[in-house]
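In what follows, a single structure is set out as structure tokens and then discussed.
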Number of protein chains: 2
Amino acid sequence: MATNATVEEVLAELEQADTLEAIQGAILELQKYFQVDNMVYHWVDSAGEQYGYGTYPLEWAAHYQEQNYIRIDPVIAGCYKRFHPVDWKKLDWSGKAVRAFQAEAIAHGIGNQGYSIPIRGPNGQFALFTVNHTCEDAEWEEFTETNRRELILIAHYFNQKALEFEPNRTPEQSQPLSPREIDAMTLLAIGYSRAQVAETLSISEHTLRVYIESARFKLGASNTTHAVARALSRGLIVV
Amino acid sequence: MATNATVEEVLAELEQADTLEAIQGAILELQKYFQVDNMVYHWVDSAGEQYGYGTYPLEWAAHYQEQNYIRIDPVIAGCYKRFHPVDWKKLDWSGKAVRAFQAEAIAHGIGNQGYSIPIRGPNGQFALFTVNHTCEDAEWEEFTETNRRELILIAHYFNQKALEFEPNRTPEQSQPLSPREIDAMTLLAIGYSRAQVAETLSISEHTLRVYIESARFKLGASNTTHAVARALSRGLIVV
DNA sequence: CCGACACTCACTATTTCTGGGGAGTAAATA
DNA sequence: TATTTACTCCCCAGAAATAGTGAGTGTCGG
């Protein structure tokens, strides 16, 4: 590929990519094209497992994993609540732990500016595509303004590839819940007690219990709370 | 706007749009540009409410709503399970009710070809951007191949606008949970019982209960299941 | 037509959760 | 320094959830 590959070309190449190396190569090309410090695709599945590729320093990636920083990383927290691409400046960096995290990140070569695009899928899949750089606010502002559309597209393409390469991460396709089971799970998720759910659904509590149990079984859950949590993260119910 | 507005121009216009009319105008422009029969943005929120705009015949839209066709529409069902844009041909149109639905749709002026792009957000928000047309398979194939990227982008932009117009759908902010509370909620969400959580966290079950209760209080939840569900949908914990 | 599946109802014993109290330490913040 | 916040521990009684079985109806698709 030419040194000055355009985004179009890289995307076309990415579409054909069938090895992780090819994807990593595409990231490098894009990083070169956009002239940013880092570019990362990061995925969190509904089981809490992580996965990704990009150009963060290996040391930082390892440290991040090890410290389980995903728990305090405001980029994760912020994007998880949002629909749309977000500039890191807009996130909440207050809090002692977060500031320490930030300082550590910068010390590891992460730029002071960042732009992350959240992407969601069925079953609670959640991914982030991030570009990261060291520069002044104004410059970054212009960069994100200029390239937003292309970055959104790129995020989409990486996501598509990620799915191809991790078919096992795909939907823990659980058996679908029956309508009544969905009703039950939904009402439980919004705080109803068994008695209230049964009354709302106009069925006996005994019957309700059957639904809860079969839902628990289908979801591989060990108790009601677990079942509701799984139903939620797999997108089977919505609250 | 010029009759032959480009996608770029329409998107720029869409970004500035501050009325529903302007959005509807943008849809019409895009439909003209792509020369398709219909173009629709359709949103389903976490309370099951629907909302959208586009160029489906009003009669069909009303009928769809009235019959609650969202329950059997294979486009909805199929896209809900997928990450990526999907051609209607790839969906499952078997089933008696579904075939009847399909026949009815075509009779109401819906094209035989369709391409839908699913988009998801926090709190179970789910939206679809659809283009629909009447033509041969080969022609449609070429159309979608050619325009996929632009359609993905357009979907994103419509979605962004939809959020602006529905601010009440944005995440409720709640008090942040303390680290221990997050631990407790997380472990409960992955199926641990109180006893297991307490043991895992190396605290007494009594103490654990205090965390659960304060989390419940902060989240305005009526029981543990409710609290975990809220913590999940607000992105306070990740499972 | 038959089989699969969803939906409905019932009983009992055991385990777990919830809600009402009270109390002390350490750390961070005002 | 004073105050707030997080963290830890304890008791008890009543409410709710769970486990293990069983069984009859109706609908839909092959």
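Throughout, protein chains are lettered first and strands after them, A, B, ... in sequence-line order, and every chain is numbered starting at 1.
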Separation between CZ of Phe158(A) and CZ of Phe129(A), rounded to the nearest 0.5 Å: 5.5 Å

Nucleotide dA6(D), atom P - distance to CD1 of Ile182(B) in whole Å: 11 Å

Candidate nucleotides dA6(D), dC9(C), dC17(C), ranked by approach to the side chain of Ser204(A) - the nearest: dC9(C)

From dC7(D), dC17(C), dC7(C), nucleotide with atom closest to Ser178(A) side chain: dC7(C)

Proximity to the side chain of Pro179(B) - top-ranked nucleotide from dA6(D), dC17(C), dA6(C): dA6(D)

Arg180(A) and Asp183(A) ion-paired at < 4.0 Å: yes

Closest to the Asn223(B) side chain, choosing from dT18(C), dA6(D), dC9(C): dT18(C)

Lys218(B) NZ to Leu177(B) CG distance, which is reported to the nearest 0.5 Å: 6.0 Å

Phosphate OP1/OP2 of dA6(D): any Tyr211(B) side-chain N/O under 4.0 Å: no

Glu199(B) CD: over 12 foreign heavy atoms closer than 6.0 Å: no

Nucleotide nearest Thr207(B) (side chain, heavy atoms from C-beta), chosen from dC7(C), dA6(C), dC9(D): dC9(D)

Value in whole Å for how far the C1' atom of dC7(C) lies from CD of Glu181(A): 10 Å

Spacing between Arg99(B) atom CZ and dC28(D) atom P, to the nearest angstrom: 14 Å

Out of dC17(C), dA17(D), dT8(C), whichever nucleotide has its closest atom nearest the side chain of Ile203(A): dT8(C)

Residue-phosphate contact under 4.0 Å: Lys218(B) side-chain N/O, dT5(D) OP1/OP2: no

Closest to the Arg209(A) side chain, choosing from dT18(C), dA19(D), dC10(D): dA19(D)

Whole-Å gap separating C1' (dA17(D)) and CD1 (Ile212(A)): 8 Å

Interatomic distance where CZ belongs to Arg194(A) and P belongs to dT18(C) [whole Å]: 13 Å

Nearest listed nucleotide, side chain of His206(B), among dA10(C), dC10(D), dC7(C): dC10(D)

Whole-Å gap separating P (dT8(C)) and CZ (Arg180(A)): 4 Å

Separation of atom CD in Glu213(B) from atom C1' in dG22(C), rounded to whole Å: 13 Å

Geometric class of the Trp93(B)/Phe101(B) ring pair [parallel <30°, tilted 30-60°, perpendicular >60°]: parallel

Sugar-phosphate, base or nothing in reach of Ser214(B), heavy atoms under 4.0 Å: nothing

Whole-Å distance separating the CG atom of Leu188(B) from the C1' atom of dT18(C): 14 Å

Residue met sooner reading DNA chain D from 5', once Val210(A) and Tyr192(A) are mapped to nucleotides: Tyr192(A)

